[in-house]
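Numbering starts at 1 and runs along the sequence shown. Side chains included, hydrogens not; waters and symmetry mates left out as well; all remaining heavy atoms used.
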Amino acid sequence: MNQKSISHSKIFIACCMALTVTSMTFAIRAGILGQLSASFNFSDTELGWINSMAFLGFPIATVLGGLLYNSLGAKKLAIIAFVGHLIGLIMTIYAVGFWTLLVSTFCIGFANGAVEAACNPLVAETYSDKKTTMLNRFHVWFPGGIVIGALISKLFTDAGFSWQSQIAVMLVPTLIYGWMMFSLRFPEQSSVERSTGKNVKAVFSPLFLFMVFCMTLTATAELGTQQWIERILSASGASPMLILALITGLMALGRYFAGPLVQRLNPVGVLLSSAVVATIGIYTMSIVTGNMVYLAAALFAIGVTCFWPTMVGFIAEQIPESGAFGMSLIAGVGILGVSIWNPVIGNWIDSARQTALAQNLTGAQAELVAGQAALSNLMLFPMALVVLFTGLFFYTRSKKSTIG
């Protein structure tokens with residue numbers, strides 16, 4: 001292996017470590033929602049607002065990072081992400097209530113977005129001859145980190161450790177990737193369009209705007225469901241954190257091997273089939289209990305595996321003139337969609353629980369009904385994508401025929 005390949009590999013590892021921290025924040029936050037509710041007497045709607053701060057900070061960072069990428073570069077953005085993670089995690093550990101958790105969660109979300117803004121275009125530039133393949137392998141570590149975070153959360157919760165200790169665990173990989181980003185020398189690269197003016201113009205194309213809208217739905221179908229897994233499936237007869245580990249473990253495995261498959265097949269066809277399977281998976285989770293939930297969760301995992309990296313890869317390959325800004329914007333708007341829907345999902349659970357209680361259901365029965373009702377609503381997101389991606393499939397096929 002030559003020196004250039006070694007340098008690229010180290011940068012790729014640093015990016016993967018940063019993304020692992022990002023995904024661990026999603027998993028552990030999902031795992032401690034019940035403890036936060038008990039510690040501070042939060043309603044699910046209040047928990048939804050706290051969750052939404054992570055999904056609000058993310059798009060703000062990706063949009064700003066995408067606009068500043070050409071001038072700041074990936075390394076400075078990665079260091080900003082490190083500082084944001086450090087501040088946000090420490091503030092969360094010492095949070096004393098609703099407002100401090102809002103601020104600390106926003107900082108973590110901003111750091112997560114800065115990781116995406118720095119690393120997506122960096123990976124695409126570093127491996128310009130196989131963008132989609134390496135973006136899929138990079139995004140292995142989003143579900144991979146969720147597996148790690150979910151297992152840590154379950155282990156710590158079962159052992160009686162505090163939610164603060166679960167947050168503190170994330171300081172270790174944060175310090176590791178921060179050290180790597182500071183010490184590595186990033187090579188000069190030029191395969192991504194570096195005119196910010198051209199980048200901005202490209203994102204106003206009809207195709208890009210269509211994909212942005214679709215990204216809000218793919219992100220909510222994937223992350224909205226996962227973020228509420230503990231509250232939605234707590235009374236299902238299966239372990240929510242083991243389900244989350246199962247889902248994200250399958251996603252990590254699928255993404256590792258998906259790159260060549262997506263390159264050989266039509267990416268739009270992959271997105272369409274993913275939407276169909278995701279719909280079936282969420283629907284099945286909404287009607288089964290006990291061990292069958294694990295099978296339903298596996299279907300859901302297969303459905304959402306290729307959503308995120310294929311959407312980003314589609315932009316990188318089909319609208320390359322959008323540059324780093326396009327890749328950052330598509331990710332940011334997707335997370336913004338999740339931010340907007342988070343309080344709504346929390347309200348779905350609260351409302352369904354109240355309806356169940358009014359029908360004289362109590363305890364686990366009421367929680368089961370509330371969770372299943374929320375899943376029935378979440379199923380609407382991939383259902384809409386089936387229609388949208390069907391239209392995109394025929395559009396791209398007709399466009400190829402015209403060119404041919």
Side-chain angles (χ1 to χ4, degrees), residues 27 29-52 55 98 101 150 153-154 157-158 163 217 220-244 246-247 275 277-301 303-304 337-386:
R29 186 169 55 250
I32 66 173
L33 288 181
Q35 291 174 284
L36 289 177
S37 179
S39 296
F40 298 104
N41 196 28
F42 291 148
S43 69
D44 282 308
T45 302
E46 287 174 316
L47 290 174
W49 281 109
I50 293 170
N51 273 345
S52 73
F55 295 102
F98 181 75
L101 282 169
S153 182
K154 178 171 175 55
T157 301
D158 290 349
W163 60 266
L217 302 181
T220 305
E222 176 188 341
L223 298 176
T225 305
Q226 291 180 35
Q227 188 73 134
W228 287 92
I229 205 82
E230 194 273 337
R231 304 298 280 175
I232 288 172
L233 296 178
S234 60
S236 67
S239 168
M241 286 298 100
L242 288 182
I243 289 173
L244 185 59
L246 170 66
I247 289 171
V277 177
T279 302
I280 296 170
I282 295 179
Y283 171 73
T284 308
M285 279 198 293
S286 74
I287 62 172
V288 300
T289 57
N291 290 334
M292 286 299 294
V293 179
Y294 294 101
L295 178 60
L299 281 174
F300 168 74
V304 300
V338 184
S339 173
I340 292 170
W341 283 104
N342 248 299
V344 177
I345 296 169
N347 185 253
W348 285 341
I349 298 172
D350 280 337
S351 298
R353 183 185 298 112
Q354 291 303 314
T355 301
L357 292 173
Q359 295 172 349
N360 296 320
L361 298 176
T362 59
Q365 287 182 315
E367 294 300 323
L368 177 62
V369 169
Q372 290 182 334
L375 285 167
S376 295
N377 288 327
L378 284 163
M379 181 181 66
L380 298 175
F381 293 99
M383 283 182 66
L385 287 165
V386 172

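Residues passing the side chain to side chain contact (heavy atoms under 4.5 Å, CB included) test with Ile280, sequence neighbours excluded: Val276, Thr284, Leu299. Listed by chain and number, the residues in a side chain to side chain contact (heavy atoms under 4.5 Å, CB included) with Ser339 are Ser52, Phe55, Leu56 (sequence neighbours excluded). The side chain to side chain contact (heavy atoms under 4.5 Å, CB included) search around Ser43 returns Thr45, Glu46, Asp350, not counting sequence neighbours. Under the side chain to side chain donor-acceptor pair (under 3.5 Å) criterion, Gln226 pairs with no residue at all, not counting sequence neighbours. The side chain to side chain donor-acceptor pair (under 3.5 Å) search around Asn41 returns none, not counting sequence neighbours. Evaluation of the side chain to side chain donor-acceptor pair (under 3.5 Å) rule for Ser153 yields Gln166 as partners, not counting sequence neighbours. In this view, Ala373 and Ala352 satisfy the side chain to side chain contact (heavy atoms under 4.5 Å, CB included) rule, not counting sequence neighbours.
A distance of 6.0 Å separates CD1 in Ile243 from CD1 in Ile229, rounded to the nearest 0.5 Å. The CD1 atom of Ile247 lies 5.0 Å from the CE atom of Met285; values are rounded to the nearest 0.5 Å. Atoms OG1 and CZ, from Thr279 and Phe300 in turn, are 10.5 Å apart once rounded to the nearest 0.5 Å. The CD1 atom of Ile345 sits 7.5 Å away from atom CH2 of Trp228, with the distance rounded to the nearest 0.5 Å. A distance of 10.5 Å separates CD of Glu222 from CD1 of Ile282, quoted to the nearest 0.5 Å. Here OG1 of Thr220 is found 12.0 Å from CD of Gln227. Values are rounded to the nearest 0.5 Å.
Applying the salt bridge (charged side-chain N to carboxylate O under 4.0 Å, His left out) definition to pairs two or more places apart or across chains, those involving residues 223-235 are Asp44-Arg231. Screening residues 365-377 for salt bridge (charged side-chain N to carboxylate O under 4.0 Å, His left out), with sequence neighbours left out, gives Arg353-Glu367. Residue pairs that meet the ring-ring contact (aromatic ring centres under 6.0 Å, His included) test with at least one member in residues 363-382, sequence neighbours left out, are Trp341-Phe381.
Residues Gln372 and Leu368 meet the side-chain proximity criterion, which asks for heavy atoms closer than 4.5 Å. Looking at heavy atoms from C-beta onward, Asn51 lies in side-chain contact with Leu33 at the 4.5 angstrom threshold. Between Ser239 and Tyr294 the shortest side-chain heavy-atom distance falls below 4.5 Å. Between Leu375 and Thr225, the closest side-chain pair of non-hydrogen atoms falls below 4.5 Å.
Ser37 places a side-chain N or O within donor-acceptor distance of the main-chain N or O of Phe42, the cut-off being under 3.5 Å. For Asn347 (side chain) and Pro343 (main-chain N/O), no donor-acceptor pair under 3.5 Å exists by modelled atom type.
The two residues Ile349 and Ala374 have their closest heavy-atom pair at CG1-CB, 3.9 Å. Minimum interatomic distance between Ala238 and Pro240 (heavy atoms only, all atoms of both residues): O-CD, 3.2 Å. Contact record, Ala221 with Pro382: CB-CD, 3.9 Å, taken as the closest heavy-atom pair.
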Run the numbers on Asn377 and Val344 for side-chain contact (heavy atoms from CB on, under 4.5 Å), then give the verdict.
CA-CA 10 Å; Asn377 288 327; Val344 177; over 6 Å; no

